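Atoms considered below: every heavy atom in the structure, side chains included; atoms not considered: hydrogens, waters and symmetry mates. Order of appearance sets the numbers: ligands from 1, and atoms from 1 within every ligand. Predicted model only: the values in this text are computed from it and were never measured.
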Amino acid sequence: MVVGSVHSGFRAQFGRQPEGVWSAPGRVNLIGEHTDYNQGLALPIGLPLRAFVAARRRPDRTVRLWSAQTSEVVTCSLDDLAPRIVTGWSAYAVGVLWALEHHGFGVHGVDLAIDGRVPLGAGLSSSAALECAVAVAASELFALGLHGKDDARRAELAALCAFAENVFVRAPTGGMDQLASLRCQADRAMLLDIREGTVEQVPLPLADHGLAILVMDTQVEHALVDGQYASRRQACERAAATLGVDSLREFDAADLDSVLRRLPEGPIRQRVRHVVTEIDRVTRTVESLRAVDFAQVGKLFDASHESLRDDFEVSCPELDLAVQTARDSGALGARMTGGGFGGSAIALVPGHLLPDVADAVVGAFAAAGWRAPSCFGVRAGPPAGRDL
Ligand code: ADP
Ligand code: MG
């Protein structure tokens with residue numbers, strides 16, 4: 001459906017047929033928050049919500065982009081690209097072409113029509129979906145060989161997209177999103193080990209067990225997000241330096257008490273406790289999934305939320321209310337996901353209760369006088385690739 005609309009959008013904007021349509025998913029992290037920059041573990045899934053890109057090569061070095069979300073055409077030349085020169089939404093797409101060329105891959109001009117179905121700025125990574133859709137289109141059209149079934153080449157493409165977001169867009173993100181978008185699998189969660197640079201696919205047969213993941217997009221983003229993110233990151237780095245290790249990943253949950261005693265009293269101990277216990281919770285979630293113990297997965301979600309709320313202090317009233325309401329109305333467990341201070345929460349729910357839990361969360365927000373959240377069920381979807 002979206003494939004057809006982005007195809008006709010391309011024809012309407014550029015007056016020709018595209019050579020093809022490619023798409024890439026957004027992601028949601030099941031557990032393992034604020035662990036990536038501590039060299040830890042995370043467990044994202046690819047979403048069924050995707051960004052779609054229709055593309056056609058051009059004989060010159062011009063790039064033209066149109067997005068259905070902005071209804072705007074942006075035109076630039078590959079010869080003029082540099083960080084800070086292109087700003088706004090088109091930087092995410094153009095930045096990928098720039099990053100490819102910067103790393104020695106031959107690209108040329110292209111027309112791109114974009115239609116993204118990942119909500120923008122909801123913590124579900126519409127940015128990585130857009131980058132990765134452009135990246136697989138470019139890989140195929142320019143015969144770069146980075147998008148096939150080879151995991152190592154896909155990991156390389158993910159790193160190039162993350163480079164585009166960090167250096168060209170200048171958004172200091174961790175790299176999980178692009179890896180999830182390019183390497184996720186349907187009905188699998190991806191265990192990412194940042195320190196080891198490995199990915200393990202973990203079966204996630206939720207529907208077979210009558211379960212579903214409910215995403216609750218609070219539709220809020222509180223100010224100071226970037227400052228808070230940076231300050232948490234610095235606190236973790238300072239703690240690691242004080243403790244004489246490269247990263248907090250070096251500690252096991254079993255060492256926690258003795259590690260905390262070596263730190264000054266105060267928030268720094270809470271930050272370290274979150275990171276060390278959260279990495280442990282990712283391991284235990286994977287064990288519970290393998291043991292088909294979903295009740296335990298729910299408890300780990302709950303414990304993760306409490307740790308993020310009380311120790312890492314990155315939740316907010318909207319996330320707390322969504323999580324609490326989901327639990328009260330039948331979820332096995334619920335937690336905020338993403339950086340915090342807004343964005344989305346997730347709940348593990350019996351499939352037949354999904355509409356009731358969603359209604360309860362919408363009702364609770366209405367009673368609080370807040371803007372309606374957007375609640376929807378998701379299952380783990382396939383990675384970036386060609387659709388047409
Ligand atoms: P998230 O990745 O969580 O959705 P970000 O702030 O990282 O939030 O990225 C959102 C930004 O990405 C948008 O503000 C916009 O600039 C850009 N973007 C993502 N998808 C699209 C799209 N389909 N069309 C235009 N811009 C998009
Ligand atoms: Mg993003």
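The single protein non-hydrogen atom nearest to atom 10 (C) of ligand 1 is S126 OG, 3.5 Å, given as residue, atom name and distance. Of all protein heavy atoms, the one closest to atom 12 (O) of ligand 1 is Y92 CE1, 3.5 Å. Nearest protein heavy-atom neighbour of atom 3 (O) of ligand 1: G123 N, 3.2 Å. Here the heavy atom of the protein found nearest to atom 23 (N) of ligand 1 is Q69 OE1, 2.9 Å. Closest to atom 15 (C) of ligand 1, if we only count protein heavy atoms, is W89 CB, 3.8 Å. Taking atom 8 (O) of ligand 1 as the reference point, the nearest protein heavy-atom neighbour is G121 CA, 3.4 Å. Among all protein heavy atoms, the one lying closest to atom 24 (N) of ligand 1 is S67 OG, 2.7 Å. Nearest to atom 14 (O) of ligand 1 among the protein's heavy atoms is L120 CD2, 4.6 Å.
The pair R335-E306 does not meet the salt-bridge criterion, since no charged nitrogen lies less than 4.0 angstrom from a carboxylate oxygen. Salt bridge status for D111 with R56: absent, with no side-chain N to carboxylate O gap under 4.0 Å. With respect to R284 and E287, no salt bridge is recorded, no charged nitrogen being found less than 4.0 Å from a carboxylate O. Checked for salt-bridge contact, R195 and D193 miss the test: no charged N lies under 4.0 Å from a carboxylate O.
Taking every heavy atom of G116 and a limit of under 4.0 angstrom, the matching atoms of ligand 1 come to 23 (N). Of all the atoms in ligand 1, the ones that sit under 4.0 Å from a non-hydrogen atom of I114 are 23 (N). Remark: ligand 1 atoms within the under-4.0 Å shell around heavy atoms of S125 are 1 (P), 2 (O), 3 (O), 4 (O).
Ring pair H102/F163: centre-to-centre distance below 6.0 Å.
No hydrogens or angles considered: nothing links the side chains of R153 and S139 as a donor-acceptor pair under 3.5 Å. Looking only at atom types and distance, the side chain of Q228 has a donor-acceptor partner in the side chain of R232 under 3.5 Å away.
Only protein atoms were considered; those of element N, O or S under 2.8 Å from the Mg ion (ligand 2) number 1.
Ring geometry for F312 versus H274: interplanar angle of 30 to 60°, hence tilted. The aromatic rings of F294 and H209 lie tilted to each other, with the angle between the two planes from 30° to 60°. Taking the six-membered ring where tryptophan is involved, the planes of F142 and H108 are tilted, since the angle between them lies from 30° to 60°.
Side-chain contact check for H305 versus D320: some heavy-atom pair is nearer than 4.5 Å.
Only one option out of R50, Q69, H7 pairs with D115 in a side-chain hydrogen bond (donor to acceptor under 3.5 Å, both in side chains); it is Q69.
Residue contacts with ligand 1 include P119, since one or more of its heavy atoms lies under 4.0 Å from the ligand.
Taking all heavy atoms of D115, V74, L130 into account, the minimum distance to atom 21 (C) of ligand 1 is reached by L130. Taking only non-hydrogen atoms, the option from A122, G88, A133, S127 nearest to atom 2 (O) of ligand 1 is S127.
Rounding to the nearest 0.5 angstrom, the gap separating the CG atom in L30 from the CG atom in L348 is 9.0 Å.
Only the backbone of L124 comes within 4.0 Å of ligand 1, counting heavy atoms alone; no side-chain atom from C-beta on gets that close.
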